[in-house]
Amino acid sequence: IDFDEVEEEEDIIEFYNINMLIDSFENEAYKHHYICIVTIPDDARCNMNSNFETNKIIIGEFVEIKNFKLWDNADFCRRCVSTDAGTLRFVEKRLQTFELCSMAVEIDGSTLEYVEEQFKSEELYKTAIQSSDDALLFIDNPTNELLTYAVKNSGKHLQHIKHENQTFDLCITAVKNNGDALGYVSP
């Protein structure tokens, strides 16, 4: 690759060690779509002053972020989810645990979208509701108790409650919590 010929920012290839990669998820680096493993051979000459330079690298196969082999590593997944809860979408289903899903949902309640059914519970829903006004979008058939919990937590949750589920008491509770919820009350 001749880096002098790179004209557009999206053409730039960024190199990360595994810790930097995990930290980059905080900035939603996974939206760049592809990743590969780069290896520096043992016989390579390296200079690590202000920039990293080497005379040899081996560039592995480019794969979509979602197919990256480390999503099969529990420690890597835990570290990624703790940095950016949205990376839960890439975690192998067999590696999802209640603890991992709880961590993701506590950081960002909208990650309920990626939680396996077996881990969904009232407890997890309440955690999600506390961390995101959009959490109700990812809860199928919420109970009246859960809806009440949501609007007591934030009146803005009313915007995601179906009109047929908006009782008078629920609407009053939402508006008392946040006057802006009045805009979400069903006619």
On a heavy-atom basis, the closest approach of Lys156 and Asp133 is CD-OD2, 3.5 Å
Below 4.5 Å, heavy atoms only, C-beta onward: do Leu158 and Thr173 meet side chain to side chain?
no
Heavy-atom side-chain contact between Thr39 and Ile57 under 4.5 Å:
no
Could you see if Phe62 belongs to whatever hydrophobic cluster contains Val38? Use Ile, Leu, Val, Met, Phe, Trp, Tyr and a side-chain cutoff under 4.5 Å.
yes
So, for Val105 and Ser131, which heavy atoms are closest and what is the spacing to 0.1 Å?
O-OG, 2.7 Å
Hydrophobic clusters here meaning ILVMFWY residues chained together by side-chain heavy-atom distances under 4.5 Å, can you tell me if Ile172 and Val151 are in one?
no
Of the non-hydrogen atoms in Glu92 and Trp71, which two are nearest, and what is the gap between them?
CG-O, 3.1 Å
Could you tell me whether the side chains of Asp134 and Ser110 share a donor-acceptor contact shorter than 3.5 Å?
no
Checking Val115 against Leu124 for the side chain to side chain contact (heavy atoms under 4.5 Å, CB included) test, could you report, in this order, the C-alpha distance in whole Å, the side-chain angles of both residues, the deciding distance, and whether it holds?
CA-CA 10 Å; Val115 172; Leu124 194 65; 3.8 Å; yes
Taking atom CG of Asp108 and atom CD of Glu113, what is their separation to the nearest 0.5 Å?
10.0 Å
Please report the C-alpha distance between Ile107 and Asp84 in whole Å, then the side-chain angles of each, then the deciding distance to 0.1 Å, and finally whether the side chain to side chain contact (heavy atoms under 4.5 Å, CB included) criterion is met.
CA-CA 8 Å; Ile107 296 167; Asp84 180 347; over 6 Å; no
Polar side-chain atom of Asn178 near backbone of Gly155 as donor-acceptor pair, under 3.5 Å
no
In this structure, OG1 of Thr97 is separated from CD of Gln118 (nearest 0.5 Å) by 10.0 Å
Tell me, do Ile58 and Pro41 make a side-chain contact under 4.5 Å, heavy atoms counted?
yes
Could you tell me if the side chain of Gln96 sits less than 4.5 Å from the side chain of Cys101, heavy atoms only?
yes
Would you say that Met103 contacts Ser82 through its side chain, given a criterion of any heavy-atom pair below 4.5 Å between the two side chains?
yes
Measuring from atom NZ of Lys66 to atom CZ of Phe90, what distance do you get when rounded to the nearest 0.5 angstrom?
8.5 Å
Non-hydrogen atoms of Leu112 and Ala128 that approach each other most closely
CD1-CB, 3.4 Å
Indicate the atoms forming the closest heavy-atom contact of Thr83 with Arg79, along with that distance.
OG1-O, 3.0 Å
Is there a donor-acceptor contact under 3.5 Å linking the side chains of Ser186 and Gln166?
yes
How far apart are the closest heavy atoms of Val81 and Ala104, and which atoms are they?
CG1-CB, 3.6 Å
Within the 4.5 Å heavy-atom criterion, are Lys120 and Glu117 side-chain neighbours or not?
yes
Can you find a pair of side-chain heavy atoms, one from Asn144 and one from Leu170, that are under 4.5 Å apart?
no
Students often mix this up, so state it plainly: with edges at 30° and 60°, are the rings of Phe68 and Phe76 parallel, tilted or perpendicular?
perpendicular
Between Lys56 and Asp43, does any NZ, NE, NH1 or NH2 come within less than 4.0 Å of an OD or OE carboxylate oxygen?
yes
Are more than 12 heavy atoms from other residues, nucleotides or ligands located less than 6.0 Å from atom CD of Glu61?
no
Find the distance between SG (Cys171) and CG (Leu182) and round it off to the nearest 0.5 Å.
9.0 Å
Donor-acceptor contact below 3.5 Å, side chain Thr127 vs main chain Glu123:
yes
How long is the straight-line distance from CG of Leu147 back to OH of Tyr149, given to the nearest 0.5 Å?
13.0 Å
Basic-acidic side-chain contact under 4.0 Å: Glu145, Lys126
yes
Working to the nearest 0.5 angstrom, can you tell me the gap between Leu146 CG and Leu136 CG?
6.5 Å
Does CD in Glu122 sit with more than 12 non-hydrogen atoms of other residues, nucleotides or ligands closer than 6.0 Å?
yes
Exercise: do Tyr125 and Gln130 side chains pair donor with acceptor under 3.5 Å:
no
Is there a side-chain contact between Ser121 and Phe98 (heavy atoms, below 4.5 Å)?
yes
